[in-house]
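In the text below, chain A, chain B and the rest are named by the order of the sequence lines, each starting its count at 1.
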Protein chains: 2
Amino acid sequence: MRSALRSTKSGRSPDITARAHLRDTAIALFSHEGFRVSVRAIAEAAGVSPALVLHHFGSKDGLRQECDTFVLARIREYKEDAVRRSTPGELLSRMAAMDESAPLVGYALRSLQAGGELAHSFIEHFVADAEEWLAQGVAAGTIRPSLDEKARARYLTIQGFGSMLLDLALNPPADPGDFAAAMRGYLARNGLPSTELLTQGLMTDRTMLDAYLLYVVDPPA
Amino acid sequence: MRSALRSTKSGRSPDITARAHLRDTAIALFSHEGFRVSVRAIAEAAGVSPALVLHHFGSKDGLRQECDTFVLARIREYKEDAVRRSTPGELLSRMAAMDESAPLVGYALRSLQAGGELAHSFIEHFVADAEEWLAQGVAAGTIRPSLDEKARARYLTIQGFGSMLLDLALNPPADPGDFAAAMRGYLARNGLPSTELLTQGLMTDRTMLDAYLLYVVDPPA
DNA sequence: CGCAAGGCTGAACGCATGTTTAGTATGCTA
DNA sequence: TAGCATACTAAACATGCGTTCAGCCTTGCG
């Protein structure tokens, strides 16, 4: 039961190997337990020796980097697939519903919280999508224009993910692996107020916005 | 230079002692470096031996708990002081401007990210404030009413802190201790779009809200 | 067949961590 | 003054970590 995979045929194929299995196990464990899981735990979960992990990836950091690039690439693939016909939130929960991709989402969220390299790429990618999505809405007349479209796209992205991360940190789901359930919980708690905010705003008039614009033009000492 | 404080007069006074100094040092270090700082580092920063930390607090967890309750109590004090005439954000940055209280804010944010006990109390406290603040605004006619005032207060609180946390994780300030500067950076990046969202919302009509309400009443399979 | 290469392992190393222990100094109290 | 509790320390302990090392099998190639 050591290895679920047969030994490599040619020994040269770069994936579908025990190495790939190790990477997938690492992603799942990082997603489930956080980045502080030990190399030993990853090795045990994959049914191999700790030394093999280092043999393949050089170091734990090497493993992390390989996971990072892999996760980013896969999420990009998924996004290309499920083109346009969904909001980012729907995309994420749909991805998480599939057993294979759920750990990817968990890994990405962990990485977001840690704020590493992947976090930036991840956010930038979603910001670019948001910007395009917003522009289409503005053109179609369903979304109000903004004085700074780029800043708005970035803010809405960070606001969405940030809210979700904090809500999840405060209300940790019973099974951290079941991201879809976690997402349902988040929406049950915040779906109404967030939709209200998006459709109607909070204030009854734009007094606050005008005050802010004046403030920016002529800031106090 | 071992201890900046003279020895206790009676040996009984619970504070103003080296113990308090130790606690303050720990809060500052936790705030600056995160909760993974070693007991040894804390002890060195306070100019005492590592064993003394355990002698006073029993364990590192004991120290954490004491820091938690202390930070929560002090932040509550500050909030009682600077009553009502400020938004939570202004309150936080004002607190952070003061050298004494800056570590408290940093500690609270770290705790928020970790999602422990303090995080809940902290959020609950701000949620309660937000609810009252919103109710006053609704009564005054400056804020639109919500279909679920409690949920809105909680969402806006989590949304505000969550956005800030993620933004800070992605754009770590040069000096993590200078929370005021970090806050300025956050506002420079997100002040306009967040104000736009609060005053005008995102959508041009309430189609999306109506759709959501229908969805809630009669959810699909 | 012989042999080199690489996947893979068990055991150990070096280090940092939280914690314990035994002991010293100091100041209050009786 | 004697005694005792308390603040405090140096040193060690136990554990878990990432990593290294020497060597074992298996496989493919000459």
How many Å lie between CD on B:E44 and C1' on C:dA16, as a whole number?
-> 14 Å
Send over the distance from A:L54 CG to D:dT19 P, rounded to a whole Å.
-> 5 Å
Check whether NZ of the Lys or CZ of the Arg B:R110 lies under 6.0 Å from the centre of the six-membered ring of B:F35 and within 45 degrees of that ring's axis.
-> no
Basic-acidic side-chain contact under 4.0 Å: B:E131, B:R154 = no
Drop me the distance from A:I42's CD1 to A:C67's SG, to the nearest 0.5 angstrom.
-> 7.5 Å
Give a yes or no on whether the ring-centroid distance for A:F70 and A:Y107 is below 6.0 angstrom.
-> no
Main-chain N/O of B:L170 paired with A:H120 side-chain donor or acceptor, under 3.5 Å = yes
Nucleotide by nucleotide, nucleotides 12-17 of chain D touches protein heavy atoms under 4.0 Å in the pattern (B base, S sugar-phosphate only, - none) B----B
Does the ring of A:F126 carry A:K79 above it, NZ/CZ under 6.0 angstrom from centre and within 45° of its axis?
-> yes
Rounded to whole angstroms, how far apart are NE2 on B:H21 and P on D:dC8?
-> 11 Å
Within this structure, what is the CG-to-P distance between B:L63 and C:dT19, rounded to whole angstrom?
-> 10 Å
Interatomic distance, B:F57 CZ vs C:dG18 P [rounded to whole Å] = 15 Å
Calculate the interatomic distance between A:L52 atom CG and D:dC24 atom P; express it in whole Å.
-> 18 Å
Given atom CG of A:L22 and atom C1' of C:dG7, what is their separation to the nearest angstrom?
-> 12 Å
Kindly say if A:H55 contacts the phosphate of C:dG7, meaning a side-chain N or O under 4.0 Å from OP1 or OP2.
-> yes
Using a cut-off of less than 4.0 Å, is there contact between a side-chain N or O of B:H56 and OP1 or OP2 of D:dC8?
-> yes
